[in-house]
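Each remark here refers to the structure printed beneath this line.
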Amino acid sequence: MVDFTLTDEQKDLRELAHNFAEKDMRSVAWEYDKDGGWPEDVIKKAWEVGLMNTHIPEAYGGPGLDYLSGCLIEEEMGWGCSGIGTSLMANGLASAPVTIGGSEETKKKYLGMLCEEPKLASFGLTEPDAGSDVSGMKTRAVKQGDKYVLNGSKCFITNGTYADYFTVFAKTDPEAGHRGISAFVVDADADGVTVDKKEDKMGQRASNTATISFNDVEVPAENLLAEENKGFKLAMMTLDRTRPGVSAMAVGIGRAATEYATDYSKERVQFGVPIAMHQAIQFMIADMATKVEAARLLVWSSAVMLDQGVRNSKVSSMAKRFAADSAMEITVDAVQVYGGYGFIKEYPVEKLMRDAKIMQLYEGTSQIQRLVIAKEVLLPRQAEEPTPEAEAKAKASEESQSEQAAATV
Ligand code: COS
């Protein structure tokens with residue numbers, strides 16, 4: 001049976017996130033957009049009310065929320081302000097490789113850190129010459145005794161200027177292509193880590209985006225995530241888990257634009273009637289609303305698969321591709337519904353149109369999503385080992401069974 005009913009807890013979370021988005025994000029979103037400032041106060045408040053680090057397991061101090069609940073929150077963040085939302089959610093991207101591949105000690109230290117205080121972490125995969133082509137990265141990690149020495153540069157790093165640590169991907173075997181990449185946790189205050197540049201962006205201007213350089217940075221060997229040379233797979237597994245949330249944020253942008261355009265179409269009078277009376281506008285609004293609903297279904301489906309312990313690469317990329325492209329199309333149409341006013345900063349939809357553009361670019365362009373989808377359709381990869389989520393579920397059920405057995409005895 002397919003059941004889209006949310007639990008009471010999920011409804012409460014969504015309400016909490018919506019109220020936060022309305023009161024704490026929308027009230028300042030356009031100011032931060034104008035000056036590209038850093039929304040530190042909003043981030044602190046979001047951390048305090050429990051809207052950050054939602055997937056960090058309870059064992060390390062987080063709420064251990066399911067992926068669907070995370071998506072409900074992220075849709076509201078996108079509705080409130082996707083720029084601030086991106087900064088709020090970046091810890092999820094940076095901490096996923098730690099959750100999947102970190103040792104017990106590493107998880108306690110680096111996941112725990114994010115839950116104890118409103119600290120930030122950044123994900124360092126992209127390089128100036130290696131965006132979509134992850135295997136083309138040049139950052140190098142060389143093992144020397146009980147440490148690795150890192151050299152290289154990472155760009156487009158969300159929250160890079162303010163991060164307390166980075167999860168960094170680097171070549172450990174430069175001849176081995178994607179099989180020669182490893183992942184590390186690097187403390188931001190380690191010698192040789194520098195923040196080179198904060199980008200001045202078209203949209204999502206409240207999120208910080210920086211270039212980070214690593215010059216002879218010494219990283220303790222225990223900060224290696226997963227096994228050496230397994231970093232590419234770790235990056236892909238991370239993106240499978242974060243693309244549903246990013247896609248949910250795109251749904252939030254599209255929903256906001258649809259609502260603004262709908263309200264405006266009822267107020268704006270042309271040819272003697274509100275423009276909502278004209279079929280040309282009605283059809284645009286019908287398509288906008290349909291895209292929001294369809295994108296949300298893909299998002300939920302990609303998240304529920306993860307919650308059920310099923311590999312979701314194809315559906316995750318479908319959700320990202322469709323939700324991002326839809327957000328772009330919807331916001332362009334929202335500007336069209338507003339007519340000339342839509343092009344003016346005084347009205348809300350031009351920000352949404354600029355914000356939507358990055359959804360088709362970050363966490364894999366729409367073209368990369370199509371590559372993943374096509375590969376999964378044409379050459380479906382067999383489900384390999386169980387997902388980490390399935391393993392965790394199996395372990396929890398084993399533990400509860402043995403507890404029950406002990407109680408019976
Ligand atoms: N989960 C686990 N393993 C995966 C995986 C996934 N989702 N996707 C791929 N792999 C594994 C494959 O099984 C294969 O393993 P083997 O080495 O054992 O053969 C390996 O990774 C290579 O996979 P594949 O051949 O599919 O990789 P390609 O080089 O053809 O394609 C793309 C890789 C282009 C899809 C990848 O580089 C990518 O996603 N790029 C975009 C990166 C991105 O999103 N950047 C944005 C920055 S993050 S903000």
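- For Asp24 and Lys45, the salt-bridge test passes: some basic side-chain N is under 4.0 Å from an acidic carboxylate O.
- Using a 4.5 Å cut-off on side-chain heavy atoms (C-beta onward), Tyr165 and Asp187 make contact.
- Contact check for Gln367 versus Leu371: no side-chain heavy atoms found under the 4.5 Å cut-off.
- With respect to the salt-bridge test (charged N to carboxylate O, under 4.0 angstrom), the residues Glu127 and Lys138 do not qualify.
- Taking a cutoff of 4.0 Å between a charged side-chain nitrogen and a carboxylate oxygen, Glu391 and Lys395 do not qualify as a salt bridge.
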Which is it for Glu389 and Arg241 under the salt bridge (Lys or Arg N to Asp or Glu O under 4.0 Å) test, yes or no, and what are the steps along the way? CA-CA 11 Å; Glu389 291 80 6; Arg241 280 155 185 76; 2.7 Å; yes

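- Other residues, nucleotides and ligands place no more than 12 heavy atoms under 6.0 Å from the CG atom of Asp191.
- One finds no salt bridge joining Arg179 and Asp173 here, because no Lys/Arg side-chain nitrogen approaches an Asp/Glu carboxylate oxygen to under 4.0 Å.
- Under the 4.5 Å side-chain criterion, counting only non-hydrogen atoms from C-beta, Thr99 is not in contact with His55.
- A donor-acceptor pair is defined here as one N or O able to donate and one able to accept, closer than 3.5 Å; no such pair exists between the side chain of Thr365 and the backbone of Leu361.
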Taking it one step at a time, do Lys291 and Glu329 satisfy salt bridge (Lys or Arg N to Asp or Glu O under 4.0 Å)? CA-CA 9 Å; Lys291 284 172 190 169; Glu329 291 160 12; 2.9 Å; yes

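- Between the side chain of Ser402 and the backbone N or O of Glu399, at least one donor-acceptor pair lies under 3.5 Å.
- Note that OG of Ser95 is 14.0 Å distant from OH of Tyr110, once rounded to the nearest 0.5 Å.
- The pair Lys143-Glu228 does not meet the salt-bridge criterion, since no charged nitrogen lies less than 4.0 angstrom from a carboxylate oxygen.
- The CG atom of Leu114 lies 8.0 Å from the CG atom of Asp164; values are rounded to the nearest 0.5 Å.
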Chi angles and distances behind the side-chain hydrogen bond (donor to acceptor under 3.5 Å, both in side chains) call for Lys198, Thr209: CA-CA 6 Å; Lys198 176 196 170 240; Thr209 309; over 6 Å; no

If you apply the rule side chain to side chain contact (heavy atoms under 4.5 Å, CB included), what do you find for Glu15 with Gln10, and how did you get there? CA-CA 9 Å; Glu15 195 181 331; Gln10 286 170 330; over 6 Å; no

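- Note: Thr126 OG1 to Phe169 CZ = 10.0 Å, rounded to the nearest 0.5 Å.
- Classified by interplanar angle (parallel below 30°, tilted 30° to 60°, perpendicular above 60°), the ring pair Tyr347/Tyr341 is tilted.
- Applying the 6.0 Å contact sphere to NZ of Lys266 captures no more than 12 heavy atoms from other residues, nucleotides or ligands.
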Evaluate the side chain to side chain contact (heavy atoms under 4.5 Å, CB included) criterion for residues Asn223 and Glu105: first the C-alpha distance (whole Å), next the side-chain angles of each, then the deciding distance (0.1 Å), finally the verdict. CA-CA 9 Å; Asn223 282 21; Glu105 281 314 300; over 6 Å; no

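- For the pair Ser69 (side chain) and Leu65 (backbone), a donor-acceptor distance under 3.5 Å is absent.
- Without hydrogens or angle criteria, Ser122 side chain to Thr158 main chain gives a donor-acceptor distance under 3.5 Å.
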Yes or no on salt bridge (Lys or Arg N to Asp or Glu O under 4.0 Å) for Glu76 and Arg255, after CA distance, side-chain angles and deciding distance? CA-CA 9 Å; Glu76 298 311 317; Arg255 192 180 107 214; 3.0 Å; yes

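- Side-chain contact check for Ser103 and Thr106: at least one donor-acceptor pair (N or O, by modelled atom type) lies under 3.5 Å.
- Between Trp79 and His18, the ring planes lie tilted relative to each other; the angle falls in the 30° to 60° range.
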Going through the checks in order, is the salt bridge (Lys or Arg N to Asp or Glu O under 4.0 Å) test met by Asp200 and Arg205? CA-CA 7 Å; Asp200 187 7; Arg205 292 173 53 76; 2.8 Å; yes

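- Contact check for Tyr148 versus Leu224: side-chain heavy atoms found under the 4.5 Å cut-off.
- The aromatic rings of Trp38 and Tyr162 lie parallel to each other, with less than 30° between the two planes, well short of the 60° mark.
- Inspection of the Lys357 and Gln360 side chains reveals an N or O donor paired with an N or O acceptor under 3.5 Å.
- Between Ile212 and Val193 there is a side-chain heavy-atom pair separated by less than 4.5 Å.
- A distance-only check finds no donor-acceptor pair linking the side chain of Asn53 to the backbone of Cys115 [under 3.5 Å].
- With contacts defined as side-chain heavy-atom distances shorter than 4.5 Å, the pair Pro244/Tyr67 does not qualify.
- From Thr211, atom OG1 reaches atom NZ of Lys154 across 12.0 Å, with rounding to the nearest 0.5 Å.
- By the 6.0 Å contact criterion, CD on Gln336 is open, its count of non-hydrogen atoms from other residues, nucleotides or ligands being 12 or less.
- A donor-acceptor contact shorter than 3.5 Å is absent between the side chain of Asp355 and the backbone of Gly203.
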Passes side-chain hydrogen bond (donor to acceptor under 3.5 Å, both in side chains), Thr86 versus Tyr362? Steps please. CA-CA 11 Å; Thr86 290; Tyr362 69 10; 2.8 Å; yes

Run Lys34 and Trp30 through side chain to side chain contact (heavy atoms under 4.5 Å, CB included) and show every step you take. CA-CA 6 Å; Lys34 203 189 291 172; Trp30 277 265; over 6 Å; no

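- A side-chain donor-acceptor contact under 3.5 Å links Ser182 to the backbone of Asn229.
- Smallest separation of non-hydrogen atoms from Ile330 and Gly254: CG2-O, 3.5 Å.
- Within a 6.0 Å radius of CD in Glu222, more than 12 heavy atoms belonging to other residues, nucleotides or ligands are found.
- The pair Lys320-Asp240 does not meet the salt-bridge criterion, since no charged nitrogen lies less than 4.0 angstrom from a carboxylate oxygen.
- Around CD of Glu9, the count of heavy atoms belonging to other residues, nucleotides or ligands within 6.0 Å does not exceed 12.
- A 4.5 Å side-chain heavy-atom check between Phe283 and Asp333 finds every atom pair outside the cut-off.
- Residue Val149 is tested with Asp216, Val219, Val217 for a side-chain contact (heavy atoms from CB on, under 4.5 Å); the sole match is Asp216.
- Counting heavy atoms of neighbouring residues, nucleotides and ligands inside a 6.0 Å radius, atom CD of Glu104 exceeds 12 of them.
- To the nearest 0.5 Å, atom CG of residue Asn208 and atom CD of residue Glu199 are 9.5 Å apart.
- Proximity of Arg14 to Ile73: side-chain heavy atoms (C-beta onward) are nowhere separated by under 4.5 Å.
- With hydrogens and angles ignored, the 3.5 Å screen pairs a side-chain donor or acceptor of Arg354 with a backbone N or O of Met202.
- Heavy-atom contacts from other residues, nucleotides or ligands closer than 6.0 Å to CZ of Phe156 number 12 or fewer.
- Note that the CG atom of Leu6 and the CG atom of Leu13 stand 10.0 Å from one another [nearest 0.5 Å].
- At most 12 non-hydrogen atoms from other residues, nucleotides or ligands lie less than 6.0 angstrom from NZ of Lys314.
- Distance alone, capped at 3.5 Å, is enough to place a donor-acceptor pair between the Asn159 side chain and the Ser87 backbone.
- Proximity of a side-chain donor or acceptor of Arg243 to a complementary backbone N or O of Glu363 within less than 3.5 Å is detected.
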